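I have placed the structure first, in the form of structure tokens, so that the comments after it can refer back to it.
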Amino acid sequence: MTGSAATSTWSTLQRVILPSADSSDTISLYVDAGTASGIRLRENDELARTPKLPEEKLQMFSSGGREAHFEDLLSRSSMRVRSGEQISFGTYFNAFPASYWRRWTSVRDIRLVVKTKGSGTVSVFKSNARGSVQRVDGRHVEGAATSVFELSLKPFGDGGWYWFDLAASSQELLLESGQWEAPGPDAVHGEVTIQITTMNKPDFCLNNARILAENPDVLTSVKEILIVDQGTVKVEHQEDFADVKASLGGKLRVINQANLGGSGGFARGMYEAVENGSDYVLLLDDDIVVEPESILRLRTFADHCRRPTIVGGHMFDLYNRSVLHTFGEVVDPYRIVPAVPHADMDVRHDFSIANLRQTAWLHRRVDVDYNGWWMCLIPTKVIKEIGLSLPLFIKWDDSEYGLRAREAGIATVSMPGAAVWHVSWMDKDDLVGWQAYFHARNRLITTLIHSPYPKGGRVLRESVQSDVKHLVSMQYFTEHGRIEALRDILKGPEGLHDVLATKLPEINALKARYSDAEVKEDVDDFPAPKLGRGPMGGNVVAMPSKKEIVPWGIKTVARQLIKAPGPESAQRPQGFLAHRDNRWFRVAHYDSVVVSNAEGTGASWYQRDPKKLRSMLTEATGLHLQLFRNWEKLAEQYRAAVPKISSMDAWKKTFEANSEDGS
């Protein structure tokens, strides 16, 4: 159906946007070329629906979409379609996520308004939850034209998108603007406090502040932009800080406080948003580049939600900017680990290989347990009801908060079309080193509070398995941190605020005691390995099968406990291992080996020590037994403590004790 709307007043839900001039590598996220039915899925075409291999995706992509001409992008809202060509806006940032609006808001009817100049056609398409493409409507346009299409959201119960395509005839066709609208006047827009937690990344912070300043329409409902600076390289001390602050018209404020981790920084943003009367706080990581339109989209969606809802944005890889990290996240309740909502989902999907129209699983609505705090909008009503972040420093604070909200009947929505580009952790290994303490402790705390299973399901068993893997891998510093985590959990929740600013320095002080924690930049700084090809003759060691894992583990641990390493292993390593080869089942065969770190910035010398293995394995096992025996009592203590330790009053005391602003 096309034509004038029955009501005279409409409000904007989503605008068509195009990439900036310096973002040619993101064009596939905004527009692509070719027909909308470049891949028209058959109902039984499982390969097309869930392509897994890169060659499968390339085959699909070559049959339909192709990249648009970057030089045809005229502004953030307008572009040129060349004579005889077709451009689709069925893309991540410009398709309309109809199923999300259908599920979480009261909006049931929308309209698409497209303003063009020139000769061609405007065609409207939709998809269903299976990814099948259907043409909805179309119109031939000549000269200056405004095309209005009235559309319903009723058929989008499980998934599906709307989008439109432009096709130029014998002359070029210009898109001047496009937007999706809902009937009725604009809702009363909630005020937002944008909060960035940073630790020695002032360049990132100022870059995002500049992006916001260059998009003043995004700031119309922003009450304050707050940078919580927990580093030693201060944002305020940067040369161009004053200019950036002035460009934001007095909306930028910096709070300096001791390093309280991500949870302490984000809790400060929550606290300040409640105190200054904002309706929402938008939490942002520091090492990101924000798509500014995302801020409007998150706030607009939250304004229309039927009840207070946490609304988060997706994360793209900053250094591979067409790659989406994940489309949604849930917590496996039996294991308390992050998981994907359904088996078809392809983690780290590359839109430059297969765009939205070519990827059927992206059309299924994904309901999540939590959204990462790289970009997450939280209503202050929610904060007043369930509290602030738990004082966990880093790791599990965002997922625990999402689970806590869910138990209170508050939904989290990971909203397509709203995103940031974030430094990826795919080249990091935060399960080893100083972060191991926080991973182990906070996962177990989350399990104690939220697990619906007796004794936390599989979590304790997997924790013991992790201890064994780290120990047979000669990662003694990592295991020290894990043991410390177990000790602290058994102390109960009362001291979590007290150690927030001190635990990391305590852990780092242990590094000098462990060679596996000492990183040297150049492998030539280590003694040259002795002649040979390693303990297995240089052969690649495969992971034991499920059938072999128990006897393999017993045999390996026994060998490491009983057999002393050769005296030469303390003088020279047996070899070097690249990080990708640093797997527990491979490293366990060495007595001494130099291993590269995940970031590629250095290497550490792992040296087998049966005494450390024996004492640490004994202590870790004993602590796990204590946890098992006292599980119900500890779970009750941690659950009962949540309202107090996440309260405004508790966090206020912590902020006052750790202020660096003299307050």
Side-chain angles (χ1 to χ4, degrees), residues 12 15 20 76 186-231 233-257 260 264-300 302-303 313 373-381 383 388 418 420 648 651-652 655-656 658-663:
T12 301
R15 304 183 297 189
S20 57
R76 278 281 280 171
D186 279 342
V188 177
H189 295 316
E191 287 191 305
V192 182
T193 289
I194 298 175
Q195 189 266 326
I196 302 172
T197 296
T198 188
M199 173 71 175
N200 294 338
K201 294 185 177 69
D203 293 343
F204 274 104
C205 290
L206 292 178
N207 181 58
N208 283 302
R210 289 189 201 95
I211 291 173
L212 295 175
E214 293 165 359
N215 292 269
D217 53 337
V218 171
L219 300 179
T220 53
S221 59
V222 172
K223 190 179 187 74
E224 186 175 33
I225 300 168
L226 179 64
I227 296 176
V228 178
D229 193 338
Q230 303 186 139
V233 183
K234 295 297 185 182
V235 173
E236 290 178 300
H237 296 166
Q238 305 309 300
E239 184 177 348
D240 50 352
F241 172 77
D243 292 338
V244 173
K245 184 176 182 179
S247 68
L248 288 165
K251 290 191 174 184
L252 177 62
R253 179 163 66 105
V254 177
I255 292 177
N256 293 288
Q257 66 182 28
L260 304 179
F266 290 129
R268 188 62 182 264
M270 295 177 176
Y271 179 91
E272 296 293 334
V274 172
E275 287 288 287
N276 69 21
S278 293
D279 298 288
Y280 307 105
V281 60
L282 176 60
L283 306 179
L284 297 174
D285 256 336
D286 55 356
D287 50 351
I288 64 165
V289 173
V290 64
E291 165 50 74
E293 192 74 10
S294 302
I295 297 170
L296 280 180
R297 293 183 178 182
L298 293 182
R299 188 219 63 201
T300 301
D303 285 343
W373 283 355
W374 49 74
M375 184 181 214
C376 192
L377 185 84
I378 304 175
T380 51
K381 287 182 180 179
I383 299 170
L388 288 71
V420 297
M648 293 282 287
W651 275 107
K652 182 180 180 181
F655 297 144
E656 289 174 347
N658 292 278
S659 173
E660 295 181 351
D661 284 327
S663 58

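On a predicted model such as this, the values are computed, not experimentally measured, just so you know.
For the pair Gln195 (side chain) and Gly265 (backbone), a donor-acceptor distance under 3.5 Å is present. The backbone N or O of Ala273 sits nowhere less than 3.5 Å from a side-chain atom of Thr380 that would complete a donor-acceptor pair. A donor-acceptor pair is defined here as one N or O able to donate and one able to accept, closer than 3.5 Å; no such pair exists between the side chain of Asp285 and the backbone of Asp287.
Note: Asp279 CG to Thr193 OG1 = 9.5 Å, rounded to the nearest 0.5 Å. The distance from the NE2 atom of His189 to the CG atom of Leu296 is 8.0 Å, given to the nearest 0.5 Å. Note that CG of Leu206 and CD of Glu239 are 11.0 Å apart. Values are rounded to the nearest 0.5 Å.
Side-chain atoms of Asp229 and Glu236, non-hydrogen and from C-beta on, never get closer than 4.5 Å to each other. At least one side-chain heavy atom of Leu219 sits less than 4.5 Å from a side-chain heavy atom of Ile225. Between Val233 and Gln238, the closest side-chain pair of non-hydrogen atoms falls below 4.5 Å. Proximity of Leu260 to Asn658: side-chain heavy atoms (C-beta onward) are separated by under 4.5 Å at one or more points. A 4.5 Å side-chain heavy-atom check between Phe241 and Leu252 finds at least one atom pair inside the cut-off. Looking at heavy atoms from C-beta onward, Thr197 lies out of side-chain contact with Asp286 at the 4.5 angstrom threshold. Side-chain contact check for Ile295 versus Leu212: some heavy-atom pair is nearer than 4.5 Å. Contact annotation: the side chain of Met375 never approaches that of Ile288 to less than 4.5 Å [non-hydrogen atoms, C-beta and beyond].
The number of heavy atoms from other shown groups lying within 6.0 Å of NZ (Lys234) is above 12. The neighbour count for Lys201 NZ, taken as heavy atoms of other residues, nucleotides or ligands under 6.0 Å away, is above 12.
For Trp374, the ring pair (Phe, Tyr, Trp, His ring centres under 6.0 Å) partners at least two apart in sequence or on another chain are Trp425. Annotation: side-chain contact (heavy atoms from CB on, under 4.5 Å) contacts of Thr220 (sequence neighbours excluded): Arg299.
The ring pair (Phe, Tyr, Trp, His ring centres under 6.0 Å) analysis of residues 270-290, with sequence neighbours excluded, yields the pairs Tyr271-Phe655.
Ionic pairing of Asp217 and Arg76 is not present here: no N-O contact between side-chain nitrogen and carboxylate oxygen is shorter than 4.0 angstrom. In this structure, Arg210 does not pair ionically with Glu214, as no charged nitrogen and carboxylate oxygen lie closer than 4.0 Å. Under the 4.0 Å criterion applied to side-chain N and carboxylate O atoms, Glu275 and Lys223 are not assigned as salt-bridge partners.
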(request) Quick one: do Trp373 and Ile378 satisfy side chain to side chain contact (heavy atoms under 4.5 Å, CB included)? Show the steps, please. (result) CA-CA 10 Å; Trp373 283 355; Ile378 304 175; 4.2 Å; yes
